[in-house]
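Okay, so here's the structure we're looking at.
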Amino acid sequence: MPKNSKVTQREQSHEHVTESVADLLAHEEPLDYKNSSLNVGGAAGKKVPQIEVPENDGRPAWNSKLQYILAQVGFSVGLGNVWRFPYLCQKNGGGAYLVPYFILLIIIGIPLFFLELAVGQKIRRGSIGVWNYVCPRLGGIGMSSLMVCGFVGLYYNVIIGWSIFYFFQSFQYPLPWSDCPIRKNGTLAIVEPECDKSSATTYFWYRQTLNTTSTIAESGGLNVKMTLSLLVAWIIVCLAVIKGIASSGKVMYFSSLFPYVVLFCFLVRGLMLKGSVDGIAHMFTPKLEKMLEPQVWREAATQVFFALGLGFGGVIAFSSYNKIDNNCHFDAVLVSFINFFTSILATLVVFAVLGFKANIMNEKCVVENAEKILGYLNSNVLSHDLIPPHVNFSHLTTSDYAEMYGVIKTVKEDGFAQLGLEPCVLVDELNKAVQGTGLAFIAFTEAMTHFPASPFWSVMFFFMLINLGLGSMIGTMTGITTPVLDAYKVQKELFTVCCCIVAFFCGLLFVQRSGNYFVTMFDDYSAGLPLTVVVILENVSVAWIYGTKRFMQDLEDMLGFRPCIIYFYLWKYVSPLCLIVLISATVIEMAISPPGYNAWVQELAQERFQSYPPWALAMCFALIIVAMLPLPVVFIARHFNLMSDGSNKLSVSYRKTMMKDMSNLEEQDEARFILGAKPGEAPIAPARRPYLTPGGNKPMDPNSLIPTTAPLMPQNYM
């Protein structure tokens, strides 16, 4: 090779090279330049094979595209689609809520979901590895994601445990929560007072399932039934993820598809029930004035954010097992819209069933109040003249009762309150908003007791909840195990089992009698603010530090086509701005809302809001601080060179791809600088490769020459 060639000059040069490239070269065998196509003085004109990325670099891969899509759908579609989204629709204007939700899904959800899929697929690492290489000083992003996954996994599996308990309790007729228990007092048999004051399903949830205490300060000891249920839940999760995607991918075929079978069955059955149309009509009747309230947009953004699983690391981990040329843009759009339509389907099911329940409760209200009126008529408290002549107490309709109620209220205006009559309006029943465990374990469960063959529907419903939770837990556990297994050579099965064992013992906090209150605490504080900070830093590190232009070029090289130009502006400006507004709104909401929880007061048989005691309040803020602590720690440590940037842990395919790109660049440079078009002609300067920019193709700065096919690289910024 000529001594003045660029390759020789670079070999002899002591110029500083980017750390990641230096480490790459340190881990690769020297290239045989004599046999390479760069040796223009030797085998001129011979086509020498270039370095190719092996199809199998030792990293596991999905068996099929369907398996991967089902995994992403199973992770993103979870319990929140069933019991959070319908509540938000009801609370925030019915059908009008779908407008801000859909807009935010387009401008925040899909772009950020696409971003996570792309970086995971390109770098083929878990969350820690990905963000170490995109921006080493922000490598704490991946660690914070892992911390949040740990916190969420601890309490999320408790909910699966509750569903398992209800699932096994459903194999009996009548269902154990269909009637209040009878307490025998000598020869007398009385209804359990706590149940009589509330309802059978409420009593079964708070007393027979959770056996909850009245405050978070009262531990009450372990609940044996819930402890065993939690153990079963962790065994199921462990078996599902013990072999990585080899085992979890197969589980996803069932756990991702079965909930849709159940939802469609419930929808068909629900539409056949009396009052189901009332519930659906109430749900989707738009209250357009709600769209002007900032709170509606904040809650829509938060729901979009968590519905897609952004920031958890599971999305990146699943994507890292894809082929490098997989169309992740199509995947992002497909999974996002599947998630959206699943939420609408679940909302239809929930309100069809709740409409049926509202009609039953309304009819029950009419019967009870009609008996009161009959009593007042027989005791001459009310005159028979107040009753319209067409009213028949043996076949009293809701409209007849409403007319009678209105007459009595008008005539007995002064003493009406003492009569204790209720209006029994159907809309009032439909407006009783419930969410979370209140919807799944109380309201929906109560409605199913009125179904024909109620045990069958109960078994189906709670088996669906188990599968929905399992899909999300698999993604959460993958977000924990993949980054660790990428960084350290540990046995996958052993590490997974150890994680599950440790998580089970940590989860005992949630299965003591006061455990339900800790579930609420972790749900409110462990994920919300930390994940929002994580995602905005992900966005900033790619769009502003790595560079949106470079990222767009990487996508074009990886996908084989140019992504829509709108993504450039969404990643660089719109998404960061929206996330900053969301963070600000979240902090303000936390500041003005008193931190507390709804405690079940046994004597009153109802929930009462209580403030957290000082130690619990400290625990709330500790969850936020611990989850976000890796961000400043890693930044400071790498700023002062106290820890490695992790560039020596590149995946094989990543290093091979980089070497291929460098080889291609050298070949182009040699051909242009050493050879002219004709003998004696001056060498032609290398053409500048353009970056994709919004305004078209602009030449890049030659001082920052980077191969256009180069994957994401660590940025050494000051």
Side-chain angles (χ1 to χ4, degrees), residues 80-81 83-94 96-113 115-116 141 144-145 148 151-152 287-312 336 339-340 343 433 435-436 520-541 543-544 569-598 609 611-612 617 620-625 627-628 631:
N81 296 76
W83 66 33
R84 178 69 177 169
F85 187 87
Y87 162 76
L88 291 175
C89 278
Q90 180 185 20
K91 176 186 175 185
N92 295 316
Y97 173 76
L98 299 179
V99 175
Y101 184 88
F102 186 77
I103 292 173
L104 292 169
L105 177 67
I106 297 298
I107 67 173
I108 295 180
I110 293 178
L112 295 178
F113 193 58
L115 184 147
E116 289 200 357
I141 293 173
S144 285
S145 293
V148 173
F151 288 147
V152 172
K287 304 177 181 65
L288 299 178
E289 67 278 2
K290 283 280 189 178
M291 291 177 58
L292 302 177
E293 298 179 9
Q295 178 74 3
V296 174
W297 289 82
R298 186 188 74 83
E299 293 189 345
T302 304
Q303 180 62 18
V304 166
F305 187 83
F306 290 106
L308 295 175
L310 299 174
F312 281 94
S336 298
N339 189 293
F340 177 61
S343 297
Q435 64 165 324
T520 302
M521 176 193 293
F522 272 64
D523 189 40
D524 290 342
Y525 291 94
S526 68
L529 184 60
L531 272 188
T532 312
V533 173
V534 163
V535 173
I536 192 173
L537 290 178
E538 289 180 357
N539 194 171
V540 168
S541 63
W544 289 92
Y569 297 103
L570 290 175
W571 283 326
K572 197 168 184 69
Y573 304 109
V574 180
S575 294
L577 180 62
C578 291
L579 289 172
I580 289 173
V581 173
L582 180 59
I583 288 177
S584 303
T586 302
V587 172
I588 293 172
E589 179 72 17
M590 292 176 63
I592 63 177
S593 299
Y597 61 102
N598 289 320
F609 180 83
S611 298
Y612 284 119
L617 196 59
C620 293
F621 290 109
L623 289 173
I624 299 174
I625 294 171
M628 294 195 296
L631 297 170

Taking all non-hydrogen atoms of both residues into account, name the closest pair between [X] and [Y] and its distance.
X    : Y    : answer
F609 : P594 : CZ-O, 3.5 Å
K290 : K91  : NZ-O, 3.6 Å
Y97  : V296 : CD1-CG1, 4.0 Å
L582 : T532 : CD2-CG2, 4.1 Å
W571 : P111 : NE1-O, 2.9 Å

Looking at [atom1] of [X] and [atom2] of [Y], how far apart are the two atoms once the value is rounded to the nearest 0.5 Å?
X    : Y    : atom1 : atom2 : result
I108 : I110 : CD1   : CD1   : 11.5 Å
W297 : C578 : CH2   : SG    : 9.5 Å
Y101 : L105 : OH    : CG    : 6.0 Å

I'd like to know if the side chain of [X] and the backbone of [Y] have a donor-acceptor N/O pair within less than 3.5 Å.
X    : Y    : result
S145 : G311 : yes
S575 : L570 : yes
W544 : K572 : yes
S144 : I141 : no

- Message: Counting C-beta onward and ignoring hydrogens, is there a side-chain heavy-atom pair between S343 and N339 closer than 4.5 Å?
- Response: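 Of all side-chain heavy-atom pairs linking N339 with S343, at least one is under 4.5 Å.
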- Can you check side chain to side chain donor-acceptor pair (under 3.5 Å) on Q295 and E299, steps first, answer last? CA-CA 6 Å; Q295 178 74 3; E299 293 189 345; 3.0 Å; yes
- Kindly determine whether Y525 and F151 satisfy ring-ring contact (aromatic ring centres under 6.0 Å, His included), including the steps that lead there. CA-CA 10 Å; Y525 291 94; F151 288 147; over 10 Å; no
